[in-house]
There are 4 protein chains.
Amino acid sequence: MARLSREESRARTREQLLASAARAFARAGYGGASVDEIAEDAGFSKGAFYSNFASKEAIFLALLEQKKRGEIAAIRSLLAEPDTDALMRGLRAWLDAAHDDPALSLLAAEIELQARRSESLAAGYRALQERLSTELVGFIAAVFGRLGLRPPAPVADIAATFIAISNGAAMATDPGANQSGRLMQLFLDMVLKASRPADAGDSDG
Amino acid sequence: MARLSREESRARTREQLLASAARAFARAGYGGASVDEIAEDAGFSKGAFYSNFASKEAIFLALLEQKKRGEIAAIRSLLAEPDTDALMRGLRAWLDAAHDDPALSLLAAEIELQARRSESLAAGYRALQERLSTELVGFIAAVFGRLGLRPPAPVADIAATFIAISNGAAMATDPGANQSGRLMQLFLDMVLKASRPADAGDSDG
Amino acid sequence: MARLSREESRARTREQLLASAARAFARAGYGGASVDEIAEDAGFSKGAFYSNFASKEAIFLALLEQKKRGEIAAIRSLLAEPDTDALMRGLRAWLDAAHDDPALSLLAAEIELQARRSESLAAGYRALQERLSTELVGFIAAVFGRLGLRPPAPVADIAATFIAISNGAAMATDPGANQSGRLMQLFLDMVLKASRPADAGDSDG
Amino acid sequence: MARLSREESRARTREQLLASAARAFARAGYGGASVDEIAEDAGFSKGAFYSNFASKEAIFLALLEQKKRGEIAAIRSLLAEPDTDALMRGLRAWLDAAHDDPALSLLAAEIELQARRSESLAAGYRALQERLSTELVGFIAAVFGRLGLRPPAPVADIAATFIAISNGAAMATDPGANQSGRLMQLFLDMVLKASRPADAGDSDG
DNA sequence: TATGAATGAGAGTTCATTCAT
DNA sequence: AATGAATGAACTCTCATTCAT
C-alpha cells in the first residue's frame, strides 16, 4: 500500500471521525454521544478530534453538509436520466434506498432538532437546507413537466411535505419497520393520482 | 381565592411543573433542559420536583400522556359532529390549530426521538402511541365512510403519514413559519382528490 | 384488645421506630439508612418520626443506649448465678447467643465508628460505654475470683480485648459465618489456660 | 527537581489522591467523605479524580489493596528473620507500629463494613482478604514451629482473632489511646502462655 | 400527635474543552 | 498532528429537616 501523504492522512482521519460521529449521533443523539467516544471509536484520541474539528458542533455540521451534499447529488443524477419511465423507477428506488438506514434517518431528525437550538449551528444549517430545498423544488417541477402533469399544489409545499415525511417517519414507533420510504411513495402516489394533465387548462371543474 | 387544600395544592404544583417542563423541553430539548431549570421556572425547588415526579424521564412521560390524551379527545369530539361538512371544517380547523404551538410540536418530535433511546421511556410510550394510532385509523375510516369515498391507500398508512408529517414538519427549517397544519391539509387534499366513490366497485378502471 | 392510653401509644410508636431503625442501620449503615425508610418501615410518616426523635442521630443514640442496657443486664444476671459451673456455662451460652444476630453486631460496629465522628453522638456514647466497660471489668474480676484464678493480665485489658473481638469479628469477611461467639470463647479459653491459681503467689516460676 | 514525565506526573497525582482519600475516609467515613473534598485536599479538581479512578468505590478499593499489600509484605519480611528471638521482637514491634496510625486502623474497619454493603466492593475485597488471611495463618504456624510450641487452638481461629482484635480495637471508645497494638500483644501472650511444647504429645494432662 | 409537601444543600458523576508534552 | 491529564461547570438525584395543615 502506498504511503499516504500528510494531507491524505489528514483527510483520512477526518473521514474516519465523521463516520464514527454519524454512528454515535444516530445511536445516542447529539447530547448522548461524547467526543471521547467518537474519537475512540475512530481509533484516535480526543486531541486528534480537536485537531480536525473545532468543536462537537462543528463535526455535527460537517456531517450535515456531507449528508445534504449526497442527497443533492442523488437528485441531480436522477434528473440526468433521459427516459422518464426510468426516472420514475429510479425515484422510487431512491426513496426506498436512501432512507433504508434508520440510523441515518434518525441522524437527520437529530440534526434538524439540534439546529433549532443552536444559533451557530442553525446559521450553517440554513444555507445547506435552502440548497436542498431549492434542488428538490426544481426536481419536482421537472418531474411534473416530464410527466405532462400539473402539480395539484404549490411545488414548494409538495417538496416540504416530502421532507417532513422523511424526517417524521424516521421517528415512528417501531424502530424495526422503517416506514420512511413506503410513506414517501404513498405520498408520491397520492400526488400523482391527484394531478391532472398539464394541458387540461387551469379550471378545476 | 379560596385557600387550597393540601391535595389541591399538590395538584397545582404538579400542573405548574408540567407546564414548565413543556416549555423547557420544547426550547432546549430533553437533554438540554435541566430539572433545576424546570423546577425554578415553575417557582419550586428541585426537591419539590422530585417529590412530584420520580425522575426527569417520568415528567417527560407524563407530558407525553397529557398531550396524547388531548389529541385523542379532539379526535373523538370531531367524530361526534353529525354534519359531515361541519366535521370537515372542524378537521381543517383542528389541523391548523392543534399544531399551532410549534413548541408543542417540537416536544412531540423530541419525545419520539427520546423514546427510541430509553427502554423505560419507550415502554410507557408505546401503549399511548398505539392508542392514538388506533384512534386516528378509526377516525380516518369513519371520515371516508361519511364522505362516501374509498381510501386510495391502506388507512393505516394514511394515518402513519399524517403522524409523520406532524412530527416532521415541526422540525422544518424556519422555526417561525409553522407548516405542520398547512402540510397536513395539503396531504388531506391529495388524499381526497386521489379517492374515488366507494360505490364505484373495486376495479380501478 | 384494650384501648392504649396516649402515653402507651406514644411509647409503642417509639419502640416500633427503634426496631425499624435497628434493622435499617444494620442493613445499610448510618449514612445509608434514611429517616423516611425507617419511618415507613415502622408504619409511620416522617412527621411521626420527628415527633418522637429530635434527629437521626438521636434515634441512633437511643438505639445504642438500648443495646448497652441489654448487655449490662445480661452481665448482671449472669453474676447472680450462685453456682460457678453454671455461671461459666451461662457465660459461654451468652457469648454464643448475644452475638448471634450479625445485624446487631454490625449495628454495634456502626455505632462505634459513627460515635467517633460526631461530637454530640460521642458525648452521649462515652458515658454508656464507660458503664458497660466498668460492668464487664467487675464481672471478669468476679469470675476469676470465683474460679480461684489470678488474671494473667490487667482485667481492664482483658475486658477491652473482649469488646474488641466482639466488634471486630462482626465485620469479618464471611457474612454468613458469625465468628463473634466462637472467637470470644477461644479467647476465654486462652485466658483461662494462661491463668494460675490465685494462691500461687506473684512469682512466675 | 527534575521535570516529571507525563507518566510520572500521573502516578504522582494518583498517589496524592490515594493519600488524601485515606485521610478523608479515616476522618469522615466512607459515606462522610466526599469525592470533592478528596480531590481538593490533594490539590486537584473532581475531574482529575475521575480521570484517575473510576468511582469513589474504586479509590476505596485501591486503598484497601495498598494497605493489605503492605501488611503482607511486613509479614513476609518478619518471617525472613533467621533468629527466632529477633523475630519475636520484630513481631511485637510490628504489632505496636503497624497499628500506630489510628486513622489507618479506622480505615480498615470502615472498609470491612462497607464491603458488606456493596457487592462490587465485596468482590474485589474478598480476594485480598483471603490472601492476607492465608499469609497470616502460615506465619502463625511458622512461629509456633520455630518456638517449638503446639498451638492451643486451630491456627486459623487464632489468625481470625488477631484480625478481629485489630479491627475492633480501632473502634474503641478513646480515639487518642490506640489500644490495637497492646491488645494484640496481650492476646499473643495469652496464646503463648496457653501453649505447650510441641513434643509433649497430644494429651492434655 | 401526625402528616407529607417543600426545602436546599450537597452528593457522585459526566463531558466539552484546553494545553503542556 | 496527536496525546491524554486536567479542568470546571453542569447534570440528575438524595435526604435530613421544617412547617402549614
Side-chain angles (χ1 to χ4, degrees), chain A residues 6-7 9-10 13-14 31-40 43-59, chain B residues 3-14 31-40 43-58, chain C residues 6-7 9-10 13 31-40 43-59, chain D residues 3-7 9-14 31-40 43-58:
Chain A
R6 199 178 294 188
E7 230 162 278
S9 158
R10 187 181 163 78
T13 301
R14 228 186 108 89
S34 79
V35 168
D36 205 13
E37 164 197 1
I38 292 171
E40 213 144 298
F44 295 94
S45 67
K46 264 178 299 196
F49 177 96
Y50 279 97
S51 288
N52 280 279
F53 296 95
S55 65
K56 188 183 180 185
E57 212 178 77
I59 201 176
Chain B
R3 190 72 75 85
L4 296 176
S5 82
R6 249 217 235 172
E7 216 163 298
E8 283 166 338
S9 159
R10 184 179 223 279
R12 217 177 118 74
T13 299
R14 220 187 116 92
S34 80
V35 169
D36 204 8
E37 166 197 357
I38 293 172
E40 211 143 302
F44 296 95
S45 66
K46 259 183 298 190
F49 177 96
Y50 279 99
S51 82
N52 277 280
F53 296 94
S55 64
K56 188 185 178 183
E57 213 177 77
Chain C
R6 199 180 292 190
E7 231 162 279
S9 158
R10 187 182 162 78
T13 301
S34 79
V35 168
D36 204 12
E37 165 197 0
I38 292 171
E40 213 143 298
F44 295 94
S45 67
K46 264 179 297 197
F49 177 96
Y50 280 97
S51 289
N52 281 279
F53 296 95
S55 66
K56 190 184 179 184
E57 211 177 76
I59 201 177
Chain D
R3 190 71 77 83
L4 294 176
S5 83
R6 247 214 237 174
E7 215 163 298
S9 159
R10 183 178 223 279
R12 218 176 118 74
T13 300
R14 222 186 114 91
S34 80
V35 168
D36 203 8
E37 164 198 359
I38 292 171
E40 210 145 304
F44 295 94
S45 67
K46 262 186 295 190
F49 177 97
Y50 278 99
S51 83
N52 277 280
F53 296 94
S55 64
K56 188 184 179 185
E57 213 177 77

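Every chain is numbered from 1 and lettered A, B, ... according to where its sequence line falls, protein lines coming before strand lines.
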Task: Which residue lies more 5' along DNA chain E, comparing A:S55 with D:V35 via nearest heavy atoms - done: D:V35
TODO: Between D:G31 and A:G31, just flag the one whose closest nucleotide in DNA chain E comes earlier from the 5' side.
DONE: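 Result of the comparison: D:G31.
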Write down the distance between [atom1] ([X]) and [atom2] ([N]), rounded to a whole number of angstrom.
X: C:E40; N: F:dA16; atom1: CD; atom2: C1'; answer: 15 Å
X: B:K56; N: F:dT14; atom1: NZ; atom2: C1'; answer: 17 Å
X: A:D36; N: F:dT3; atom1: CG; atom2: C1'; answer: 12 Å
X: B:E57; N: F:dC11; atom1: CD; atom2: P; answer: 18 Å
X: C:F53; N: E:dT1; atom1: CZ; atom2: P; answer: 14 Å

Open item on the list: Let's test your reading of the pairing rules: Watson-Crick or G-U wobble, both distances under 3.5 Å, then write DNA chain E as a dot-bracket string with ( ), [ ], | and dots.
Closed with: .||||||||||||||||||||
List the atom pairs, with distances to 0.1 Å, where a side-chain N or O of residues 33-40 of chain B and a protein N or O form a donor-acceptor pair under 3.5 Å, not counting sequence neighbours.
{"from": "B:S34", "atom 1": "OG", "to": "B:E37", "atom 2": "N", "distance (Å)": "3.0"}
{"from": "B:E37", "atom 1": "OE1", "to": "B:S34", "atom 2": "N", "distance (Å)": "3.1"}
{"from": "B:E37", "atom 1": "OE2", "to": "B:R27", "atom 2": "NH2", "distance (Å)": "2.2"}

Task: Qualifying residues under side-chain contact (heavy atoms from CB on, under 4.5 Å), relative to C:S51, sequence neighbours excluded - done: none
Task: All side-chain contact (heavy atoms from CB on, under 4.5 Å) counterparts of A:S55, not counting sequence neighbours - done: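 A:E57, A:A58.
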TODO: Tell me, please, which residues at least two apart from A:F53 pass ring pair (Phe, Tyr, Trp, His ring centres under 6.0 Å).
DONE: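 With sequence neighbours excluded, A:F53 shows a ring pair (Phe, Tyr, Trp, His ring centres under 6.0 Å) to A:F49, given in chain and number order.
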Open item on the list: Check the phosphate of F:dT17 against C:Y50, side-chain N and O only, distance under 4.0 Å to OP1 or OP2. Yes or no?
Closed with: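 For F:dT17, OP1/OP2 do have a side-chain N/O of C:Y50 under 4.0 Å.
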Task: B:E8 CD to B:T13 OG1 distance, which is reported to the nearest 0.5 Å - done: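 Going from CD on B:E8 over to OG1 on B:T13, the span is 11.5 Å.
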Open item on the list: Output one letter per nucleotide in nucleotides 4-9 of chain E: B when a protein non-hydrogen atom lies under 4.0 Å from the base, S when only the sugar-phosphate is that close, - when neither is.
Closed with: BBBBB-
TODO: Pick base, sugar-phosphate or nothing for A:A33, based on heavy-atom distances below 4.0 Å to the nucleic acid.
DONE: sugar-phosphate
